[in-house]
Novice: 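Here's a structure for you.
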Amino acid sequence: MAQQEDVFKKIVSHCKEYGFVFPSSDIYDGLGAVYDYGQNGVELKNNIKQYWWQSMVLLHENIVGIDAAIFMHPTTWKASGHVDAFNDPLIDNRDSKKRYRADVLIEDQLAKYDEKIQKEVDKAAKRFGDSFDEAQFRATNARVLENQQKRDALHERFSKALNDNNLEELRQIILDEEIVCPISGTRNWTEVRQFNLMFKTEVGSTAEGASTIYLRPETAQGIFVNYLNVQKTGRMKLPFGIAQIGKAFRNEIVARQFIFRMREFEQMEMQFFVKPGTELEWFSKWKQTRMAWHQALGFGAENYRFHDHDKLAHYANAATDIEFHMPFGFKEVEGIHSRTNFDLSQHAKYSGKKIEYFDPETNESYTPFVIETSIGVDRMFLSVMCHSYTEEQLPNGESRVVLKLPAALAPVKLAVFPLTKKDGLPEKAQEIIKDLRFHFNCKYEEKDQIGKRYRRMDAIGCPYCVTVDLQTLEDNTVTLRDRDTMEQHRVNIADLRSIIEDKVSITSLLKKIE
Ligand code: ATP
């Protein structure tokens with residue numbers, strides 16, 4: 001495990017050293033759980049997005065895309081449940097500096113009373129054997145009664161405090177119950193604060209009566225509120241899907257593990273609208289389709305698994321996560337949810353608009369059910385990085401760090417080097433780039449000896465390097481080096497495009513999804 005943590009640290013520093021991911025506002029020592037993508041990171045990220053977008057919109061006739069605004073009418077978040085349900089009452093311990101949810105601390109205390117009571121009951125059951133009357137014991141035993149009374153009083157006080165939204169009372173309960181921080185063991189608690197994971201801001205000037213709006217915590221709602229617009233203008237027939245890629249914002253309390261949990265991140269979401277009653281069939285189809293998308297990257301089926309949810313949200317009738325084997329364990333990268341007609345019905349209720357589908361086959365109108373596939377771009381980026389980062393011992397005793405990125409996702413596809421900076425070699429190398437840069441991302445490098453240039457390209461995962469030498473000027477051939485095998489062979493400049501293009505294109509990945 002320690003070794004795995006070590007690898008993870010190396011990946012984080014590699015990301016910074018080679019222009020993939022920087023801490024946000026780095027010169028000011030960064031901003032917690034916010035990151036910037038550098039010159040190579042942005043290319044890799046764009047390729048991931050393109051792979052997803054094309055797999056949705058190009059490969060499915062019945063899926064279209066949209067790009068909704070980050071700001072939405074505030075009622076959206078009332079209807080979706082985020083205003084009420086994204087709220088956590090938080091409290092900090094001043095000694096350990098750890099942050100907790102106040103309601104969870106009190107719930108744990110309630111559970112402790114239950115445990116104490118249960119212990120007494122179990123003890124008595126053992127003592128009395130078959131003649132044990134549990135109900136009578138609970139009604140008469142002094143210790144049980146005392147604990148039960150304390151528990152009931154606490155429960156009543158706690159429920160009232162929650163219902164009244166009385167944060168001071170929540171804190172007082174924690175003090176009166178003498179609840180300690182599990183880390184520091186002290187009762188040095190701060191005030192309780194209400195914490196909604198949504199970021200708030202204001203539109204309009206105060207003079208006009210500014211109103212509070214939110215930065216969206218998910219992109220999905222932008223799709224739901226556009227269901228009617230897209231269905232009507234696109235003349236879409238059920239089943240059909242709407243895809244979207246965009247930023248989402250959550251004021252995460254426990255923000256760690258690099259770009260795994262961020263406060264500003266990007267989601268790729270697709271909501272698939274279906275006829276009620278067919279949703280579980282579609283849920284299962286989308287599980288397979290999404291898993292195939294992941295596995296086409298060639299990271300090995302053993303590194304993925306489904307994690308079905310035991311506890312479903314009240315509006316969902318099936319849910320699963322696709323987890324990937326990160327250096328810190330199997331972790332959720334994507335969620336697939338059968339959300340019934342909850343979202344569309346809520347928006348119909350709050351907007352007063354009829355949000356339905358008229359089914360020409362059955363001549364009836366109904367609210368479609370929804371299957372959602374929701375994946376984080378940044379988590380996907382992290383999984384690609386973790387799997388590709390490789391330290392290799394070479395036969396000559398040297399070692400190298402190579403990013404074995406799927407060629408279609410690599411930021412740079414071809415690096416072109418003149419062997420030396422003279423004899424017209426740089427000019428010849430530039431000529432090659434001028435021709436090929438219309439087809440894929442190329443990079444020119446002339447500094448340092450060839451070996452060093454190869455290492456730099458390995459470190460950013462560039463799948464192909466080409467070296468121009470004196471022979472090139474005579475016969476128009478170059479040395480082509482493969483990143484993974486490090487094998488080199490001479491090829492005609494005229495053949496470079498056909499050798500490389502197919503292997504580095506997103507199309508090559510799309511064709512593997514079956
Ligand atoms: P978690 O349980 O890890 O907080 P979640 O279940 O709240 O995630 P969803 O609301 O289902 O996540 O969001 C869908 C996807 O968005 C997740 O699978 C993940 O890839 C991504 N995601 C969610 N929150 C974050 C975050 N704070 N930073 C980066 N990606 C995120």
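Counting convention: from 1, in listed order, for ligands and their atoms alike. Just so you know, these numbers come straight off a predicted model, no measurement behind them. Numbers here are sequence positions counted from 1.
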Novice: Any salt bridge linking Asp26 with Lys16? Criterion: basic side-chain nitrogen under 4.0 Å from a carboxylate oxygen.
Specialist: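 A salt bridge links Asp26 with Lys16.
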
Novice: Check the surroundings of atom CD in Glu168: do more than 12 heavy atoms from other residues, nucleotides or ligands lie under 6.0 Å from it?
Specialist: no

Novice: May I ask you to identify the nearest protein heavy atom to atom 20 (O) of ligand 1, giving residue, atom name and distance to one decimal place in Å?
Specialist: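 Ranking protein heavy atoms by distance from atom 20 (O) of ligand 1, first comes Val333 O, 2.8 Å.
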
Novice: Can you tell me which residue and heavy atom of the protein come closest to atom 28 (N) of ligand 1, and the distance to 0.1 Å?
Specialist: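 Sorting protein heavy atoms by distance from atom 28 (N) of ligand 1 puts Met262 N, 2.8 Å first.
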
Novice: Nearest to atom 19 (C) of ligand 1, what protein heavy atom do you find, and at what distance?
Specialist: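 Going by distance alone, atom 19 (C) of ligand 1 is nearest to Arg379 NH1, 3.5 Å.
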
Novice: Of all the atoms in ligand 1, which lie at a distance below 4.0 Å from a heavy atom belonging to Glu334?
Specialist: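 That gives atoms 18 (O) of ligand 1.
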
Novice: Where is the nearest protein heavy atom to atom 14 (C) of ligand 1: which residue, which atom, and how far?
Specialist: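 Protein heavy atom at minimum distance: Ser374 OG, 3.0 Å.
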
Novice: Number the atoms of ligand 1 from 1 as they appear, then name those within less than 4.0 Å of a heavy atom of Arg261, with their elements.
Specialist: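 Checking each atom against Arg261, I get 1 (P), 3 (O), 4 (O), 26 (C), 27 (N), 28 (N).
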
Novice: Stepwise, does the side-chain contact (heavy atoms from CB on, under 4.5 Å) test hold for Val57 with His60?
Specialist: CA-CA 6 Å; Val57 175; His60 296 95; over 6 Å; no

Novice: Considering non-hydrogen atoms of the protein only, which is the closest contact for atom 21 (C) of ligand 1, and what is the distance?
Specialist: Gly376 CA, 3.7 Å

Novice: Are any of the N or O atoms of Ile259 closer than 3.5 Å to those of ligand 1?
Specialist: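 Ile259 vs ligand 1: no N/O contact under 3.5 Å.
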
Novice: So does Arg261 pair up with Glu252, basic N to acidic O under 4.0 Å?
Specialist: yes

Novice: Among all protein heavy atoms, pick out the one at the shortest distance from atom 17 (C) of ligand 1; state its residue, atom name and that distance to 0.1 Å.
Specialist: Glu332 OE2, 3.4 Å

Novice: Which atoms of ligand 1 are found less than 4.0 Å from any heavy atom of Phe260?
Specialist: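 So the atoms of ligand 1 that pass are 28 (N), 29 (C), 30 (N).
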
Novice: Considering heavy atoms of the protein only, find what lies nearest to atom 16 (O) of ligand 1 and give residue, atom and distance to 0.1 Å.
Specialist: Gln267 NE2, 3.3 Å

Novice: I'd like to know whether CD of Glu156 has more than 12 heavy-atom contacts from other residues, nucleotides or ligands below 6.0 angstrom.
Specialist: no

Novice: To check your reading of the model: name the closest protein heavy atom to atom 22 (N) of ligand 1, its residue, and the distance in Å.
Specialist: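 Looking only at protein heavy atoms, the one closest to atom 22 (N) of ligand 1 is Phe265 CE1, 3.5 Å.
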
Novice: Quick one, Asp108 with Lys112, criterion salt bridge (charged side-chain N to carboxylate O under 4.0 Å, His left out). Give me CA distance, side-chain angles, the key distance, then yes/no.
Specialist: CA-CA 6 Å; Asp108 288 349; Lys112 274 190 190 147; over 6 Å; no

Novice: Before accepting this row, confirm whether a basic side-chain N of the pair Glu372/Arg339 lies closer than 4.0 Å to the acidic partner's carboxylate O.
Specialist: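 Yes.
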
Novice: Assess whether a salt bridge exists between Lys78 and Asp84, defined as any Lys/Arg side-chain N lying under 4.0 Å from an Asp/Glu carboxylate O.
Specialist: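 Salt bridge flag = yes for Asp84 with Lys78.
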
Novice: Using distance alone, determine whether Glu252 and ligand 1 share an N or O pair under 3.5 Å.
Specialist: yes

Novice: As a check for students: among Arg250, Glu218, Lys331, Glu266, identify the option with a heavy atom nearest to atom 9 (P) of ligand 1.
Specialist: Arg250

Novice: Can Glu392 and Lys404 be counted as an ion pair, charged N to O under 4.0 angstrom?
Specialist: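 Judged by the 4.0 Å cut-off on N to carboxylate O distance, Glu392 and Lys404 do form a salt bridge.
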
